[in-house]
Amino acid sequence: MKDHSGAAPVTEGIGPWGMNLAGIGAALPDQVLTNDDLTEKIETSDEWIRERTGIGERRIGGTTSGLSLEAARKAIAAAGIDASEIDQVILATTSPDYRLPGTAPAVAHELGLQCGAFDLQAACSGWVYGLVVANGLLGQGMKKILVIGAETLDKMTDYSDRGTGILFGNGAGAAIVERTDLGQDPNGGQLLSWDLGSNGEFVRILYAEHGDTMLMDGKEVFRQAVTVIRHSAQVALDRAGLTVDDIDLIIPHQANIRIVEAAWKKLGFSLDKTAMVLERTGNTSAASIPLALDNALENGRIKSGDTVMFIGFGAGMTWATAIFKWGTNAS
Ligand code: COA
C-alpha cells in the first residue's frame with residue numbers, strides 16, 4: 001500500500017502538464033425498466049415518452065459503490081495500469097450509498113487503495129466538475145486519478161410520478177485521468193478550456209429532501225437547461241479560441257433529446273456530431289457523460305487528436321463544460 005499520509009505535492013519539474021483519458025469503463029445494472037413497464041404504473045405511453053424525451057428504457061438496481069467499482073475496474077484494465085498506481089479517487093454522485101459517509105472511500109478500499117477519496121455532489125454536472133478538479137490535482141503533482149460518475153437514482157425516483165418517473169435510471173462511468181508532460185509530448189491530451197457555473201436561485205426546480213424522492217418543475221428545468229447550455233458551451237469555446245467547427249464530438253449530459261436539440265439549434269451544433277445513449281439509459285445524472293463517452297469510444301467515434309466537448313447541466317442549478325483534446329491513445 002502506498003503511503004499517502006500527508007505526502008507533499010510534487011510540483012517541481014512538472015512543466016506544462018496535460019492529461020490523457022487513459023482508460024474508460026462503464027457499468028449498467030441488469031434490470032431493465034421499459035416505457036411499457038411504466039404504463040402499468042402511470043397513465044403514459046411508450047410513444048409519448050419517446051417523443052417528449054428520447055428515452056426508451058432505463059436500468060434499475062445495484063448500488064452506487066458496486067456500479068462504481070465495476071466501471072472503475074474496466075477503466076483500470078483499459079488504461080493498462082495497476083490500481084495501486086491511482087493517487088486519488090473522485091466519485092461524482094447525487095445518490096451515495098449512505099447519507100454518511102461518502103461512497104468514494106469504500107470504492108477506493110475495494111480497489112486496495114488508501115489514497116484520497118471523496119464524493120463530489122454537483123448533480124448531473126458532477127463528472128465534468130470532477131474532470132476539471134482532477135486536472136488541477138495533476139498540476140499539484142498527481143499522476144493518475146480515477147474520476148467516476150455513478151448513480152442509483154431509482155432509490156430517489158417515484159416511478160408513479162408522471163414527470164420524474166419516466167426520466168431517471170442507474171449506471172456508472174469511470175475514467176483514468178493521467179498526467180502527461182506537454183513539454184516532452186506536445187501531442188498528449190489536454191484540457192483546452194472549461195466553464196463551471198451555478199445558480200442557486202433555482203434550487204427548488206429539481207430537488208429531493210433527505211430520505212424523499214425527487215420533485216421537479218419539468219418545464220422550468222427544460223427552460224433553464226437550454227439557457228445554461230448555450231451560455232456555458234459558448235464560454236468554453238471562446239476561452240479555447242475555438243468555434244463549433246473545431247469540435248469533433250460533443251458529449252452532453254443525457255437528460256432529454258429535446259433539450260439538446262433546442263440548445264444545439266442556437267449554437268449551430270449538429271446532432272450527427274453528438275454522442276447519445278439516452279434512449280437505452282434514461283437520465284443517469286453524473287454517470288451519463290462517461291457512459292456516452294464509453295459508448296462513443298466503443299463505436300470508434302473518437303480518433304487521436306480529436307477535440308471533444310463535454311457539457312453537463314442539472315440540479316442546483318449547476319453546469320460544467322470542458323473542451324478536451326484527445327491524446328494519442330484513442331482508436
Ligand atoms: N405521459 C403522458 N402524458 C403526460 C405525461 C406522461 N408521463 N406527463 C405529462 N403528460 C401530459 C400532461 O397531462 C399534459 O396533458 P394536457 O396537455 O392534456 O394537460 C401534457 O402531457 C403536458 O404536460 P406537461 O407537464 O406540461 O409536460 P411537458 O411537456 O413539460 O413534458 C417533461 C414533461 C418531464 C417530459 C418535460 O418537462 C421535461 O423533459 N423537462 C426537463 C426534465 C429534465 O430533463 N430533468 C432533468 C434535468 S438534468
Side-chain angles (χ1 to χ4, degrees), residues 33-58 92-95 120-129 149-154 156-171 173 196-208 213-233 251-264 274 276-279 281-292 310-321:
L33 184 67
T34 65
N35 292 344
D36 283 337
D37 292 335
L38 288 173
T39 62
E40 290 165 20
K41 302 174 200 256
I42 46 175
E43 211 186 308
T44 190
S45 67
D46 178 54
E47 192 189 1
W48 193 93
I49 299 172
R50 282 180 188 276
E51 203 263 320
R52 294 293 179 110
T53 69
I55 297 169
E57 61 186 41
R58 69 288 294 144
T93 185
T94 199
S95 49
L120 188 161
Q121 157 60 297
C124 307
S125 317
W127 188 80
V128 184
Y129 265 75
E151 303 285 5
T152 42
L153 296 175
D154 59 353
M156 49 194 286
T157 301
D158 177 1
Y159 287 104
S160 64
D161 175 66
R162 285 169 111 203
T164 52
I166 57 172
L167 299 177
F168 298 105
N170 299 357
L196 304 182
S198 72
N199 186 348
E201 184 190 340
F202 296 109
V203 168
R204 301 286 269 195
I205 62 175
L206 177 53
Y207 72 104
T213 51
M214 280 182 272
L215 297 173
M216 180 179 76
D217 177 346
K219 277 203 189 319
E220 193 56 21
V221 170
F222 193 110
R223 214 180 347 256
Q224 294 303 329
V226 172
T227 305
V228 299
I229 293 169
R230 286 176 182 164
H231 164 78
S232 188
I251 308 186
H253 168 47
Q254 315 278 303
N256 180 324
I257 191 67
R258 286 172 56 236
I259 290 179
V260 171
E261 284 168 350
W264 272 209
T274 306
M276 298 299 297
V277 289
L278 176 73
E279 197 268 336
T281 63
N283 182 341
T284 57
S285 194
S288 88
I289 290 178
L291 276 171
F310 302 109
I311 309 177
F313 54 92
M317 293 208 48
T318 60
W319 57 91
T321 300

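Since the model is a prediction, treat every value here as computed from it, not as a measurement. Both backbone and side-chain heavy atoms feed into the values below; hydrogens, waters and symmetry mates do not. Just so you know, ligand 1 is whichever comes first in the structure, and atom 1 is the first atom listed for that ligand.
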Any protein heavy atom at under 4.0 Å, with atom 20 (C) of ligand 1 as the reference point?
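Looking at atom 20 (C) of ligand 1, one finds that no protein heavy atom lies closer than 4.0 Å.
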
Atom 15 (O) of ligand 1: any protein heavy atom closer than 4.0 Å:
no

Numbering the atoms of ligand 1 from 1, which are under 4.0 Å from a heavy atom of [X]?
X: Glu43; value: 1 (N), 2 (C)
X: Ile259; value: 44 (O)
X: His253; value: 48 (S)
X: Asn256; value: 38 (C), 39 (O)
X: Asn283; value: 46 (C), 48 (S)
X: Val221; value: 43 (C), 45 (N), 47 (C)
X: Ala255; value: 44 (O)
X: Gly218; value: 37 (O), 40 (N), 41 (C)

Find the distance between [atom1] ([X]) and [atom2] ([Y]) and round it off to the nearest 0.5 Å.
X: Met276; Y: Ile257; atom1: CE; atom2: CD1; result: 4.0 Å
X: Thr318; Y: Phe202; atom1: OG1; atom2: CZ; result: 13.0 Å
X: Arg50; Y: Asp46; atom1: CZ; atom2: CG; result: 4.5 Å
X: Glu43; Y: Trp48; atom1: CD; atom2: CH2; result: 11.5 Å
X: His231; Y: Asn199; atom1: NE2; atom2: CG; result: 10.0 Å
X: Ile55; Y: Leu167; atom1: CD1; atom2: CG; result: 5.0 Å

Minimum-distance protein heavy atom relative to [atom]:
atom: atom 30 (O) of ligand 1; result: Lys219 NZ, 3.1 Å
atom: atom 1 (N) of ligand 1; result: Thr44 OG1, 2.6 Å
atom: atom 31 (O) of ligand 1; result: Trp48 CH2, 3.8 Å
atom: atom 35 (C) of ligand 1; result: Thr53 CG2, 3.8 Å

Nitrogen or oxygen atoms of Ile166 and ligand 1 under 3.5 Å apart
no

Is it the case that ligand 1 has an N or O less than 3.5 angstrom from some N or O of Arg162?
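For ligand 1, there is an N or O atom that lies under 3.5 Å from one belonging to Arg162.
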
Could you see which bit of Leu167 sits under 4.0 Å from ligand 1, with heavy atoms only: side chain, backbone, both or neither?
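Side chain only.
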
Residue portion contacting ligand 1 (non-hydrogen atoms closer than 4.0 Å) for Ile42:
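It is neither part, as no heavy atom is under 4.0 Å.
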
Are Tyr207 and Leu215 close enough that some pair of their side-chain heavy atoms sits under 4.5 Å apart?
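In short, these two side chains touch, coming nearer than 4.5 Å.
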
Does Ile166 reach the side chain of Ile42, with side-chain heavy atoms less than 4.5 Å apart?
yes

Proximal candidate to atom 29 (O) of ligand 1 [heavy atom criterion; set Arg52, Met317, Gln224, Glu51]
Arg52

Salt bridge between Arg223 and Glu220, side-chain N to carboxylate O under 4.0 Å?
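Salt bridge: yes.
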
Looking at ligand 1, does Ala225 have a heavy atom less than 4.0 Å from it?
no

From Thr93, Asn170, Thr94, residue fulfilling side-chain hydrogen bond (donor to acceptor under 3.5 Å, both in side chains) relative to Glu151:
Thr93

Test item: side-chain donor near acceptor, Asp37 and Thr34, under 3.5 Å
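On atom types as modelled, these side chains qualify, holding a pair under 3.5 Å.
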
Residue pair Val221 / Leu206: nearest heavy atoms and the distance that separates them
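Heavy-atom minimum between the residues: CG2-CB, 4.1 Å.
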
